[in-house]
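See structure below.
When a residue number appears, it is its place in the shown sequence, counting from 1. For ligands, and for the atoms within them, numbers begin at 1 and follow the listed sequence.
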Amino acid sequence: MDTRGVFISLEGIDGSGKSTLARSLVDALAQKHQVLGLREPGGTVISEKIREMLLDVRNDGIIGKAEAMLYAAARCQLVEEVIRPGLDRGTIIIADRYLDSTVAYQGYGRGLDLGFLEDLNRLCTGGLKPDLTLLLDLDPQEALLRRSEEIPDRLEQEGLAFQIRIREGYLDLWDKEPERIKRLDATHSPEFLLQEALLLVEKLLAE
Ligand code: TYD
């Protein structure tokens, strides 16, 4: 994939602090670079509509495969409409979740076939993978405590066992692709995590 920009995704279980890091990373990088922060599912008008459908607690009838395809549809729209054009313009893209979320949540969490999800991901992105993925790793019990004040969305209602399987999924992905995926210990302070993330990004930019 010959693009001029840099593509970075952030991953982790619910409550891992990923969205906080994504925001502070965008703010810090924006001082010197052209940066675009995105969240998944979302980031385009169509993808935000799909997001509403996916996170609505009333939609408890969505079957696993359909759920995976809806996430893929939202991602397909985002890649074509925003990510590829952004990379072509030389922008640094910071995505709060990308295709590893589908493997971790729909694969390890829901138990869908990993081969099917890999094919689906390849189809919906045309093979576009992040240059760097920051995995915020946290014990699911600890993450649950951090989220105790929030109203859970449809995925968050699935409970602790679901989050434990997702974390295992992320750690397996990290094991398989240690060059791309860097694990950060999410028990550290937001300031420390930002510095760690910036070091990794600056290293990538220097390559
Ligand atoms: P969101 O409120 O953005 O959660 P977070 O701040 O933790 O990212 O909701 C996104 C939810 O969708 C989250 O529970 C993870 C889930 N998800 C999947 O199950 N599969 C996917 O492919 C993606 C992108 C997200």
Next on the checklist: Are any of the N/O atoms on K18, whether in the backbone or the side chain, positioned under 3.5 angstrom from an N/O atom of ligand 1?
Outcome noted: yes
Checklist entry - Is it true that R39 lies under 4.0 Å from ligand 1, counting heavy atoms only? => result no
Checklist entry - Is ligand 1 under 4.0 Å from a heavy atom in the side chain of L155, in the backbone, in both, or in neither? => result side chain
Checklist entry - Are any of the side-chain nitrogens in R165 or E168 under 4.0 Å away from the carboxylate oxygens of its partner? => result no
Next on the checklist: Between D88 and R4, does any side-chain N to carboxylate O distance fall below 4.0 Å?
Outcome noted: no
Checklist entry - Is the shortest N/O to N/O distance between D14 and ligand 1 below 3.5 Å? => result yes
Item to check | 4.0 Å heavy-atom contact, R75 with ligand 1 | outcome: yes
Next on the checklist: Quick check: E156 and ligand 1, any N/O pair under 3.5 Å apart?
Outcome noted: no
Checklist outcome for this item: Members sharing I63's hydrophobic cluster, built from side-chain contacts under 4.5 Å between Ile, Leu, Val, Met, Phe, Trp and Tyr, are none
Next on the checklist: Tell me whether K129 forms a cation-pi arrangement with F7, defined as NZ or CZ under 6.0 Å from the six-membered ring centre and within 45 degrees of its axis.
Outcome noted: no
Next on the checklist: Within the 3.5 Å criterion, strictly below it, is a donor on T102 or R75 matched to an acceptor on the partner's side chain?
Outcome noted: yes
Next on the checklist: Residue-level breakdown please: for S19 versus ligand 1, do any non-hydrogen atoms fall below 4.0 Å on the side chain, on the backbone, on both, or on neither?
Outcome noted: side chain
Next on the checklist: Below 4.0 Å, non-hydrogen atoms only: which portion of L55 touches ligand 1? Side chain, backbone, both or neither.
Outcome noted: side chain
Checklist entry - Taking only heavy atoms of Q106, which atoms of ligand 1 are found under 4.0 Å from at least one of them? => result 18 (C), 19 (O), 20 (N), 21 (C), 22 (O)
Checklist entry - Ion pair present between D14 and R97, side-chain N to carboxylate O less than 4.0 angstrom? => result yes
Checklist entry - For ligand 1, which atoms, with element, lie under 4.0 Å from some heavy atom of T102? => result 21 (C), 22 (O)
Next on the checklist: Check E67 with R154, please: is the shortest side-chain N to carboxylate O separation under 4.0 Å?
Outcome noted: yes
Item to check | ligand 1 contacted by R154 (non-hydrogen, < 4.0 Å) | outcome: no
Next on the checklist: For the residue pair S47 / Q77, report whether a side-chain donor-acceptor contact shorter than 3.5 Å exists.
Outcome noted: no
Item to check | Residues clustering with I94 (ILVMFWY side chains joined when closer than 4.5 Å, directly or via others) | outcome: V6, I8, L10, L21, L25, V26, L29, V35, I92, L132, L134, L136, L184, L193, L194, L198, L200, V201, L204, L205
Checklist entry - Which is it for D153 and ligand 1 at heavy atoms under 4.0 Å: side chain, backbone, both or neither? => result side chain
Next on the checklist: I need the nearest protein heavy-atom contact for atom 2 (O) of ligand 1: residue, atom name and distance, please.
Outcome noted: R51 NH2, 3.1 Å
Item to check | Exercise: do Y170 and S16 side chains pair donor with acceptor under 3.5 Å | outcome: no
Next on the checklist: How far is atom 12 (O) of ligand 1 from the closest protein heavy atom, and which atom is that?
Outcome noted: Y71 OH, 2.8 Å
Next on the checklist: For atom 8 (O) of ligand 1, what's the nearest protein heavy-atom neighbour? Residue, atom name and distance, please.
Outcome noted: R97 NE, 2.7 Å
